[in-house]
Amino acid sequence: MHYHRRPRWALKENLVTSEDVFLSRRAVLAGMGVSAGLLASGQSARAAMTPEDAFSPTPALNPAFADGGRAVTEEAITSQYNNFYEFGSSKRIAREAQKLTTDDWVIEVDGMVSTPFSIGIEDLIKRVNIEERIVRHRCVEAWSMVVPWIGFPMAELVALANPTTDAKYIRFETFMDTDISREQRASWYPWPYVEGFTMAEATNELAFMVVGAYGKVLHRQFGAPLRVHMPWKYGFKSIKSIVKVSFTDQQPLGFWEELQAKEYGFWANVNPEVAHPRWSQATEQPLAGGERIPTLPFNGYAAEVAHLYDGMDAQFGDRLYR
Ligand code: MTE
């Protein structure tokens, strides 16, 4: 598939930090075991990106994923109707989510990789190709939206991590901090939020790591500063505010799967033929309003991903959802 790729992403000059901030950040990163190579590159000398600042430079739109087949849902709607249980179980968590501090955000990469390392979000962004994609998002609660995400292919994260051939899955973990998230004090939830994918899913061209939306650095309520977006899977797979990426030969147990395995399975591919116990999946309600519309297999992305599940029908049948 041919599409334009931006040159390597660079931060605006005015985002370069002062030396003292840089030095203290270096110390933090060193303490967390950032590899000498990453530090030596000097690319830690960057300020944190502030959520909702303009994303600069403006990323090019990837024409392969440019319209979602539907109009973009307004930011005023999608940024005020969120699932982010760390900040509450209602959809109106945007204000509470402002407690999230994304300064000096570090992501740990471990498990079955040649060399485990930690990397700051700004450094990560410098090592990947940033682009914009307009894609559909379908929640298992049967609402949907179309969002212009900014980010990079998950395959690039995998390449950077350099997993060993034993790795069969990628596992993501959200932050755990009961000062920021009062909800994480609730012991009936299996915090922190976890999700995972097979390596074939993770390296599919549709699998996306999100760092921005609507031309801006990612809003806190969307899962700043780094989240997943898997357009062909139900929304709960798209884990937010990631602090840890692990490679493993064990199928990861997701947050919702651990809570209620019969309702939220590992695969969670959008399938209009298989109802969730509480919600039919045949149609969906666009957040933008209007009529309900039919839900498509793999959320309309069968051409890109259906082959990943070839031969699995016999194993899963109508349980492909799970
Ligand atoms: N990630 C974390 N850490 N916590 C969550 O509660 N909710 C999931 C997913 N990722 C969730 C999460 C669910 S159920 C959905 S539908 C999407 O985020 C919602 O993304 P949005 O708020 O950006 O629309």
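Each ligand, and each atom within it, is numbered from 1 in the order the structure gives.
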Does Glu141 have a heavy atom less than 4.0 Å from any atom of ligand 1? no

Against heavy atoms of Trp143, which atoms of ligand 1 measure under 4.0 Å? 16 (S), 24 (O)

Just jot down the ligand 1 atoms closer than 4.0 angstrom to any heavy atom of Glu86, in number order. 2 (C), 3 (N), 4 (N), 5 (C), 6 (O)

Closest heavy-atom approach to atom 24 (O) of ligand 1 among Arg138, Met145, His137 is made by Met145

To which protein heavy atom is atom 6 (O) of ligand 1 closest, and what is the distance rounded to 0.1 Å? Tyr85 N, 2.7 Å

Does even one non-hydrogen atom of Glu195 get within less than 4.0 Å of ligand 1? no

Specify whether Tyr85 and Tyr189 have parallel, tilted or perpendicular ring planes, treating 30° as the upper limit for parallel and 60° as the lower limit for perpendicular. perpendicular

When hydrophobic residues are tied together by side-chain contacts of less than 4.5 Å, even through go-betweens, does Trp143 share a cluster with Phe84? yes

Side chain, backbone, both or neither: which part of Lys237 comes within less than 4.0 Å of ligand 1 when only heavy atoms are counted? neither

Could you pull out, from Glu173, Gln80, Lys240, Gln221, the option with a heavy atom nearest to atom 21 (P) of ligand 1? Lys240

Element-labelled atoms of ligand 1 that are located less than 4.0 Å from some non-hydrogen atom of Asn82: 21 (P), 22 (O), 23 (O)

Would you call Lys244-Asp110 a salt bridge at under 4.0 Å N-O? yes

Candidate list Ile119, Val109, Val211, test side-chain contact (heavy atoms from CB on, under 4.5 Å), partner Leu124, passing option: Ile119

Is there a donor in the side chain of Trp267 and an acceptor in the side chain of Tyr309, or the other way round, less than 3.5 Å apart? no

When distances are taken from atom 10 (N) of ligand 1, the protein heavy atom at minimum range is Ser238 O, 2.8 Å

Run the numbers for me: atoms of ligand 1, each under 4.0 Å from some heavy atom of Gly235, listed by number. 8 (C), 9 (C), 13 (C), 15 (C), 16 (S), 17 (C), 18 (O)

Checking side-chain contact (heavy atoms from CB on, under 4.5 Å) between Trp105 and each of Asp103, Ile107, Thr101, which is the one that passes? Ile107

Please work out whether any backbone atom (N, CA, C, O) or any side-chain heavy atom from C-beta onward of Thr174 is under 4.0 Å from ligand 1, and answer side chain, backbone, both or neither. side chain

Could you check Glu74, His219, Lys216 and say which one makes a side-chain contact (heavy atoms from CB on, under 4.5 Å) with Ser79? His219

Validation row, ring centre Trp149 to ring centre Phe65 under 6.0 Å: no

Determine, for Phe197 and Lys237, whether the Lys NZ or Arg CZ falls below 6.0 Å from the six-membered ring centre while staying within 45 degrees of the axis. yes

Do the side chains of Ile134 and Ile293 join up, straight or via other hydrophobic residues, at under 4.5 Å, putting them in one cluster? no

Any Ser241 heavy atom less than 4.0 Å to ligand 1: no

Using a strict 4.0 Å cut-off to heavy atoms of Arg227, name the atoms of ligand 1 that fall inside it. 17 (C), 18 (O), 20 (O), 21 (P), 23 (O)

Ligand 1-proximal atoms of Tyr193, by part, heavy-atom distance under 4.0 Å: side chain

Among protein heavy atoms, which lies nearest atom 7 (N) of ligand 1, and at what distance? Asn83 O, 3.3 Å

So the atoms of ligand 1 within less than 4.0 Å of a heavy atom of Cys139 turn out to be 16 (S)

Under 4.0 Å from one or more heavy atoms of Phe84, ligand 1 contributes atoms 3 (N), 4 (N), 5 (C), 6 (O)

Leu206/Met230 under side-chain contact (heavy atoms from CB on, under 4.5 Å): CA gap, chis, key distance, verdict: CA-CA 7 Å; Leu206 258 189; Met230 300 298 246; over 6 Å; no

